[in-house]
Trainee: 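Structure in structure tokens, see below.
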Amino acid sequence: MWKWLHPYAKPEKAYQLSTTLLPWFAVISIISLTVGTIWGLAFAPSDYQQGDSFRIIYIHVPSAILSMGAYMSMAIAAFIGLVWQLKLSDMAAAAMAPIGAVFTFIALLTGAVWGKPMWGAWWVWDARLTSELILLFLYLGVMALYNAFDDQRTAARAAGILAIVGVINLPIIHFSVEWWNTLHQGATITKFDKPSISADMLWPLLLNILGFATFFASVTLIRFRNEILAKESHRPWVRALVETKSTESK
């Protein structure tokens, strides 16, 4: 396995692999989000308690799941960068941070919109909401540290340490509903027993989760490629690539 991965530790090979994978993730994302969103908003049955207001679930739940998934991915990349001194891992972590922050913001915003009719308030200091807000601050802290030092290696080390330490917040977010008496409803699909949601509502939700995940992968690959080009701009292969692109655009 490591022999197969070893060539992609080189920036040029990693850039080529990202270019190859990007269209696949993009196509899957477009199809999944289109089908899942139309199915969920237009054809899924109304909830017997919440009516049509429950349909925000098709944006809120995927963004909440990906806010944690993106953070874990970023922390793993940061850990690899710290332990094995792999600069590509640092670039990947830096590429993921803003995307995860946007997912977290969307989760908080849609949660507030959903909470107003359900709880009668835009915001309450619920354990799930508060820990999700802390996640947003962690993302912002990681992004700030990446830009706080002139030396990129020092910046990556400081941001990586914060990202790794912040992982402790993820199980708090996930299990907060079970650990504390909160207003937030419990899990509907991430359960060991049968999901407590109708199949007509579940399938479009699963499609949107897949769509959000592949969208995250697509945007990460775009940002990752840009990071490689910015950091490796002095390399001959980057100069050759830029010249080729310039020639093609004329």
Side-chain angles (χ1 to χ4, degrees), residues 8-9 11 14-15 17-19 21-22 25-26 29 33 59-111 128-174 208-233:
Y8 297 103
Y15 183 90
L17 179 62
S18 299
T19 302
L21 294 177
L22 178 57
F25 283 119
S29 176
L33 288 174
I59 304 298
H60 175 71
V61 171
S63 61
I65 291 175
L66 264 297
S67 70
M68 293 185 287
Y71 193 93
M72 179 58 73
S73 301
M74 179 184 69
I76 291 173
F79 178 79
I80 293 173
L82 282 171
V83 174
W84 284 282
Q85 301 295 304
L86 246 166
K87 62 180 180 180
L88 283 177
S89 295
D90 295 330
M91 294 180 194
M96 295 176 194
I99 311 169
V102 171
F103 278 134
T104 308
F105 177 77
I106 293 173
L108 289 168
L109 179 63
T110 53
R128 171 68 60 82
L129 302 184
T130 304
S131 52
E132 186 76 8
L133 179 62
I134 292 172
L135 183 65
L136 177 60
F137 291 150
L138 285 168
Y139 273 121
L140 296 178
V142 169
M143 292 163 58
L145 286 174
Y146 270 118
N147 296 282
F149 300 91
D150 293 330
D151 180 43
Q152 292 299 310
R153 188 63 224 161
T154 302
R157 187 179 299 111
I161 292 172
L162 177 59
I164 294 169
V165 172
V167 169
I168 194 173
N169 190 48
L170 299 184
I172 295 175
I173 295 173
H174 183 72
N208 267 18
I209 292 173
L210 174 63
F212 269 66
T214 48
F215 176 79
F216 166 71
S218 301
V219 180
T220 296
L221 288 175
I222 293 172
R223 287 182 50 80
F224 180 58
R225 295 196 313 166
N226 291 340
E227 286 281 337
I228 292 175
L229 293 179
K231 300 294 191 301
E232 302 291 311
S233 58

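Side chains included, hydrogens not; waters and symmetry mates left out as well; all remaining heavy atoms used.
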Trainee: Only counting residues at least two apart or in another chain, list the ones meeting salt bridge (charged side-chain N to carboxylate O under 4.0 Å, His left out) with Glu227.
Mentor: Lys231

Trainee: Within a strict 4.5 Å, meaning less than it, do heavy atoms of the Ile65 and Phe212 side chains meet?
Mentor: no

Trainee: Out of curiosity, Leu135 CG to Thr130 OG1, how far, rounded to the nearest 0.5 Å?
Mentor: 12.5 Å

Trainee: Which atom pair, heavy atoms only, marks the closest approach of Ser218 to Ala26?
Mentor: OG-N, 3.2 Å

Trainee: Among residues at least two apart in sequence or on other chains, which ones pass ring-ring contact (aromatic ring centres under 6.0 Å, His included) with Phe224?
Mentor: none

Trainee: Just grab all the side-chain hydrogen bond (donor to acceptor under 3.5 Å, both in side chains) pairs involving residues 91-111, residues at least two apart or on different chains.
Mentor: His60-Thr110

Trainee: For Leu162, give me all partners under side-chain contact (heavy atoms from CB on, under 4.5 Å), at least two apart in sequence or on another chain.
Mentor: Leu138, Val142, Leu145

Trainee: Enumerate the salt bridge (Lys or Arg N to Asp or Glu O under 4.0 Å) contacts for residues 209-224, please, sequence neighbours excluded, ordered by first and then second residue.
Mentor: none

Trainee: State the CG-CD1 distance between Leu129 and Ile173, to the nearest 0.5 angstrom.
Mentor: 10.5 Å

Trainee: Tell me every residue that passes ring-ring contact (aromatic ring centres under 6.0 Å, His included) with Phe216, counting only those two or more places apart in sequence or in another chain.
Mentor: none

Trainee: Checking Tyr15 now: which residues fulfil ring-ring contact (aromatic ring centres under 6.0 Å, His included) with it, not counting sequence neighbours?
Mentor: Trp237

Trainee: So which atom in Ala101 and which in Leu136 form the shortest heavy-atom distance, rounded to 0.1 Å?
Mentor: O-CD1, 3.6 Å

Trainee: If you compare all heavy atoms of Ser233 against all heavy atoms of Ala230, which two are closest, and at what distance to 0.1 Å?
Mentor: OG-O, 3.5 Å

Trainee: For the atom pair CE (Met96) and CE (Met72), what is the distance rounded to the nearest 0.5 Å?
Mentor: 12.0 Å

Trainee: Is there any side-chain hydrogen bond (donor to acceptor under 3.5 Å, both in side chains) pair reaching into residues 154-169, and which pairs are they, with sequence neighbours excluded?
Mentor: Asp151-Thr154

Trainee: Please list all pairs meeting side-chain hydrogen bond (donor to acceptor under 3.5 Å, both in side chains) that have one or both residues in residues 131-145, counting only residues at least two apart or in different chains.
Mentor: Ser67-Glu132

Trainee: Considering only heavy atoms from C-beta outward, does the side chain of Phe215 approach that of Phe103 to under 4.5 Å?
Mentor: yes

Trainee: Where is the tightest heavy-atom contact between Tyr146 and Ala155, given as atom of each residue plus distance?
Mentor: O-CB, 3.6 Å

Trainee: Which distance, rounded to the nearest 0.5 Å, do you find between the CG of Leu82 and the CD1 of Ile164?
Mentor: 4.5 Å

Trainee: Tell me the closest heavy-atom pair linking Pro98 and Met143, and the distance in Å.
Mentor: CA-SD, 3.8 Å

Trainee: Is there any side-chain hydrogen bond (donor to acceptor under 3.5 Å, both in side chains) pair reaching into residues 87-102, and which pairs are they, with sequence neighbours excluded?
Mentor: Lys87-Glu232, Asp90-Arg153

Trainee: Tell me which pairs pass salt bridge (Lys or Arg N to Asp or Glu O under 4.0 Å) where either residue lies in residues 65-83, with sequence neighbours left out.
Mentor: none

Trainee: Specify whether Trp84 and Phe79 have parallel, tilted or perpendicular ring planes, treating 30° as the upper limit for parallel and 60° as the lower limit for perpendicular.
Mentor: perpendicular

Trainee: Can you measure from CG (Leu21) to OG1 (Thr214) and round to the nearest 0.5 angstrom?
Mentor: 12.5 Å

Trainee: Looking only at heavy atoms, which two atoms of Ala93 and Ala78 are closest? And how far apart?
Mentor: CB-N, 4.1 Å

Trainee: Roughly how far apart are Ile99 CD1 and Met74 CE, rounded to 0.5 Å?
Mentor: 11.0 Å

Trainee: Partners of Val102 by side-chain contact (heavy atoms from CB on, under 4.5 Å), sequence neighbours excluded?
Mentor: Ile106

